[in-house]
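Worksheet: one structure, shown below.
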2 protein chains.
Amino acid sequence: MFSKATEYALRATIYIARKSSEEHKLGIEEIAKAINSPKSFTAKILQKLTANNGIISSVRGPGGGFYLSSKAQKRPVRDILHVMEEDGVLGKCVLGLKKCSEAMPCPMHAEYKGIKQQLIQLFEHTTIQQLAHDADRIIPSNKQGRH
Amino acid sequence: MFSKATEYALRATIYIARKSSEEHKLGIEEIAKAINSPKSFTAKILQKLTANNGIISSVRGPGGGFYLSSKAQKRPVRDILHVMEEDGVLGKCVLGLKKCSEAMPCPMHAEYKGIKQQLIQLFEHTTIQQLAHDADRIIPSNKQGRH
DNA sequence: ATAATTAAGGACAAAAATATCCTTTATTTT
DNA sequence: AAAATAAAGGATATTTTTGTCCTTAATTAT
């Protein structure tokens, strides 16, 4: 469905959301290891997500690393796709036709329409935070420690 | 969602289903033009779909070309994906995790699960013929001429 | 100030996907 | 049999994606 770059972007962002805070930032080494992705390639992707006050925040130097602001946590997952320039795939015609629409439907349009809408809804209405919390219910993170 | 190659494969197969028969075969030139795809690249794809009694039938020489047997018409669209080695994307984890399952769910598993099932159902239960007929209801093909 | 740490960024390499061209083979028509 | 037609197949080129490595810049600790 998505490119590797976007998969890494999603995995990394969710991981950072689960394990980091402004007080406890994460290094690229840890992140790449945790989400099982190539380190340098992942670094590039995080750069993209960090650029011009993006989704991820970062600080250089000792004690530095990546974290998600609480504001960023509330952003929809679709924003990650947008930065990765892959939000197009959600609304795209399954057969790849540029001019596929209600007026000019491709042969799969009627059949695929509903699924497409659900996909858009999913990525638009789900926040990064929600996914992080969902994941925590299964395998608790130790972000603020377990009681 | 799918690679260009697979998009062309789907478009070409549906086009052939709509416009061809054993008595009236289609040439690669016409097909590529109709589905708006690069001719030689499409030829390779049709080769793949034709190989060892595959989905598409072909005959060389004058009067030759590509067509779909009535048996092939009844095959599920998923078979096209299978030949293109992309049927994996249907069942794949959205985050690209190899070991994502009900027992080891990724952070999006619960949210995406339903959509994934619908995707599999769609491609498994829809036949090439059904798509061809659907398309014909909108823009009639002149396969056996209009009355 | 200097050294250490960590992300940012540039340059480059490798692999995969997409695309083109040319030759060969099968089939039909003349 | 020869010529014409159309797909099959091989070789190669181009572009995009994925991945690595090294240098630079920012920040902190000594």
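Computed from a predicted structure; not experimentally measured. In what follows, chains are A, B, ... by sequence order, proteins preceding strands, each numbered from 1.
- Taking atom CD of residue A:Gln47 and atom P of nucleotide D:dT18, one finds them 17 Å apart after rounding to whole Å.
- Side-chain atoms of A:Arg11 never come within 3.5 Å of backbone atoms of A:Ala32 as a donor-acceptor pair (strictly under, hydrogens ignored).
- Interatomic distance, B:Gln118 CD to B:Ile115 CD1, rounded to the nearest 0.5 Å: 7.0 Å.
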Please tabulate, for the side chains in residues 89-100 of chain B, all donor-acceptor contacts under 3.5 angstrom to protein atoms that are two or more places apart in sequence or on a different chain.
| from | atom 1 | to | atom 2 | distance (Å) |
| --- | --- | --- | --- | --- |
| B:Lys92 | NZ | A:Glu7 | OE2 | 2.7 |

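- In this structure, A:Phe66 places its CZ atom 13 Å from C1' of C:dT5, rounding to the nearest Å.
- Between A:Ile35 atom CD1 and D:dG19 atom P the separation is 11 Å, expressed in whole Å.
- Pairs passing the side-chain hydrogen bond (donor to acceptor under 3.5 Å, both in side chains) check and including a residue from residues 82-91 of chain A, sequence neighbours excluded, read A:Ser3-A:Glu86, A:Thr6-A:Glu86, A:His82-A:Asp87.
- D:dA6 atom C1' lies 11 Å from atom CD of B:Glu29, rounded to whole Å.
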Return the polar atom pairs (N/O with N/O) between nucleotides 11-18 of chain C and the protein under 3.5 Å, or none.
| from | atom 1 | to | atom 2 | distance (Å) |
| --- | --- | --- | --- | --- |
| C:dT18 | OP1 | B:Lys4 | N | 3.0 |

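- A straight line from CG of B:Leu46 to P of D:dA7 spans 9 Å, rounded to a whole angstrom.
- In this structure, the CD1 atom of A:Ile28 is 9 Å from the P atom of C:dA8, given to the nearest Å.
- Looking at A:Ser57 and A:Ser69, their side chains never bring a donor and an acceptor atom within 3.5 Å of each other.
- Atom pair B:Asn36:CG and C:dA19:C1' shows a separation of 14 Å (rounding to whole Å applied).
- For the pair B:Glu30 CD and D:dT5 P, the computed distance is 17 Å after rounding to whole Å.
- Distance SG/A:Cys106 to CG/B:Leu131: 8.5 Å, rounded to 0.5 Å.
- The salt bridge (charged side-chain N to carboxylate O under 4.0 Å, His left out) analysis of residues 49-77 of chain B, with sequence neighbours excluded, yields the pairs B:Arg75-B:Asp79.
- Here A:Ser58 reaches the OP1 or OP2 of C:dA8: one of its side-chain N or O atoms lies under 4.0 Å away.
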Margin query: What does the B/S/- profile of nucleotides 23-30 of chain C look like, 5' to 3', with a 4.0 Å heavy-atom cutoff to protein?
Written below: --BBBB--
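- Two residues are said to be in side-chain contact when any heavy atoms from C-beta on lie closer than 4.5 Å; A:Val77 and A:Thr127 fail this criterion.
- Residues B:Thr42 and A:Gly27 both approach DNA chain C. Their nearest nucleotides, taken by heavy-atom distance, put A:Gly27 toward the 5′ side.
- A:Leu26 comes within contact range of the sugar-phosphate backbone alone, with a heavy-atom separation under 4.0 Å but no base atom that close.
- Remark: B:Phe123 pairs with B:Phe2 by the ring-ring contact (aromatic ring centres under 6.0 Å, His included) rule, at least two apart or across chains.
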